[in-house]
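Contents: one structure, followed by commentary.
Being a predicted model, the structure only gives us computed values, none of them experimental. Sequential numbering from 1 along the given sequence is applied to the chain's residues.
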Amino acid sequence: MRFKPLLLILLLILTVTACTSTPPASPPDDPNDSQQGQNPPDNDSEPDPDPEPPFDFATYQPNELGRIPVFMYHNIGEPEAEWVRTADNFRNDLQRFYDAGFRLVSMTDVINDNIDIPAGTSPLVLTFDDGPRNNFNLIKDETGEIVLDPDSAVAIILDFAERNPEMGTAATFYLNFPHPFSQTDSWYTAEHRNWKLEQLVEWGMEIGNHTYTHPHLSRDIDSEEQLLREMGGGQVFIESVLPGYKMNSLALPFGSRPKEEWQHLAHRGVYEGVEYQHDIILLVGSHPAHPPNHRDYSPRAMPRIRASNYGGDFLDNALKQLESNRYISDGDPDTITIPETMKEYLDAETLGDKSLRVYDPVEFKEVE
């Protein structure tokens with residue numbers, strides 16, 4: 001009986017110990033566990049980017065089967081005449097084109113169906129025939145330094161583009177040879193001439209063929225050999241200055257074509273071992289041209305517009321006509337966007353890798 005209090009005390013101690021003992025330790029962490037000591041990973045992934053907003057057909061009203069103006073200039077000088085545009089009038093032309101929503105594209109852009117201008121704007125091609133001195137002239141300033149004549153065509157284009165970068169500098173100069181730009185100052189050398197050709201390319205401009213000596217092709221050409229020299233002689237010359245450069249378009253002198261049996265040589269041939277190819281052949285003047293995806297695109301007889309109102313409202317009439325049927329870009333050179341009303345004029349075989357997008361011009365919604 002005397003052991004009973006001791007037993008009670010022992011039971012009490014065991015009970016208290018059981019209630020206050022340290023819980024079993026957790027399993028040891030895996031030493032290879034990369035998450036050891038870090039916060040648990042966030043199971044929420046990055047949100048997907050917002051989808052592109054639908055194209056705003058109502059704002060831009062694109063029509064990439066509309067017409068493209070190819071404006072034809074010759075001389076920039078004084079006074080205004082049939083084939084002369086004054087420097088101030090040419091500056092005014094560029095401003096007028098820009099304000100009307102036109103942006104410069106090259107002839108190569110047209111050939112390659114690569115018209116890359118902002119949505120809602122329209123392409124315009126500048127061409128200059130004959131390569132007179134006033135198209136690209138060098139002068140000496142009061143210090144004797146050789147500088148660009150500010151009233152020459154090239155200088156006016158560069159100056160306008162500097163103030164309006166979105167306009168661009170694309171223009172094609174259709175030259176005769178072997179003295180393009182016809183400068184004859186005593187200090188002017190072949191190095192200056194070659195520099196001009198190099199700079200045209202550097203500034204985003206192009207060189208086109210206007211034959212070697214500017215003959216009337218239907219009246220003055222008497223043999224196939226003579227025609228080949230006129231068609232290919234300029235390419236041989238250009239290759240000597242700009243190796244690898246290909247003149248890909250021809251402006252017909254006086255708008256005249258060779259005799260029918262030789263007309264294929266205006267498009268392609270070989271002269272002195274050098275191949276030439278003109279993907280576009282330009283006429284003297286008429287109306288705006290169709291773009292490459294239009295069923296009536298005519299690269300071997302592309303019309304141009306006389307860039308003047310002298311002797312007729314050529315420039316004014318063209319711009320008025322373009323108000324209702326001009327090419328309007330969607331801003332994506334890889335997509336051709338047209339209103340449903342123009343679908344019958346599409347040459348689908350010319351699309352290549354480009355996507356076609358057609359929309360309802362009343363409800364401004366894409367249609368199948």
Strictly by modelled atom types, are [X] and [Y] linked by a side-chain donor-acceptor pair under 3.5 Å?
X: Asp99; Y: Gln95; answer: yes
X: Asn309; Y: Asp316; answer: yes
X: Asp88; Y: Thr86; answer: no
X: Thr350; Y: Asp113; answer: no
X: Tyr174; Y: Ser249; answer: yes
X: Arg257; Y: Gln263; answer: no
X: Asn293; Y: Tyr345; answer: no

#### Entry: Pi-cation contact, Phe55 with Arg357 (under 6.0 Å, within 45°)
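That pair qualifies as a cation-pi contact.
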
### Query
Is the Lys NZ or Arg CZ of Arg85 less than 6.0 Å from the centre of Tyr310's six-membered ring, within 45° of the axis?
no

### Message
Does this structure show an ion pair linking Asp129 with Arg304, if we count only N-O contacts that are shorter than 4.0 Å?
### Response
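Yes, this pair counts.
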
## Note on the structure
Hits for ring pair (Phe, Tyr, Trp, His ring centres under 6.0 Å) against Phe364, two or more places apart or cross-chain, chain-then-number order -> none

### Task
Please check if atom CD in Glu260 has more than 12 non-hydrogen atoms from other residues, nucleotides or ligands closer than 6.0 Å.
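12 or below, so no.
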
### Query
Are there more than 12 heavy atoms of other residues, nucleotides or ligands under 6.0 Å from atom CD of Glu162?
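No, because the 6.0 Å sphere around CD of Glu162 holds 12 heavy atoms or fewer from other groups.
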
### Query
Is Leu265 close to His278 at the side-chain level, that is, under 4.5 Å between some pair of heavy atoms?
no

### Query
Are Glu340 and Val358 close enough that some pair of their side-chain heavy atoms sits under 4.5 Å apart?
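In contact.
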
In terms of the angle between their ring planes, are [X] and [Y] parallel, tilted or perpendicular, with boundaries placed at 30° and 60°?
X: His290; Y: His294; result: parallel
X: Phe136; Y: Trp203; result: tilted
X: Phe90; Y: Phe128; result: perpendicular

### Message
Just to verify, which of His192, Lys140, Arg133 counts as forming a side-chain hydrogen bond (donor to acceptor under 3.5 Å, both in side chains) with Asp185?
### Response
Arg133

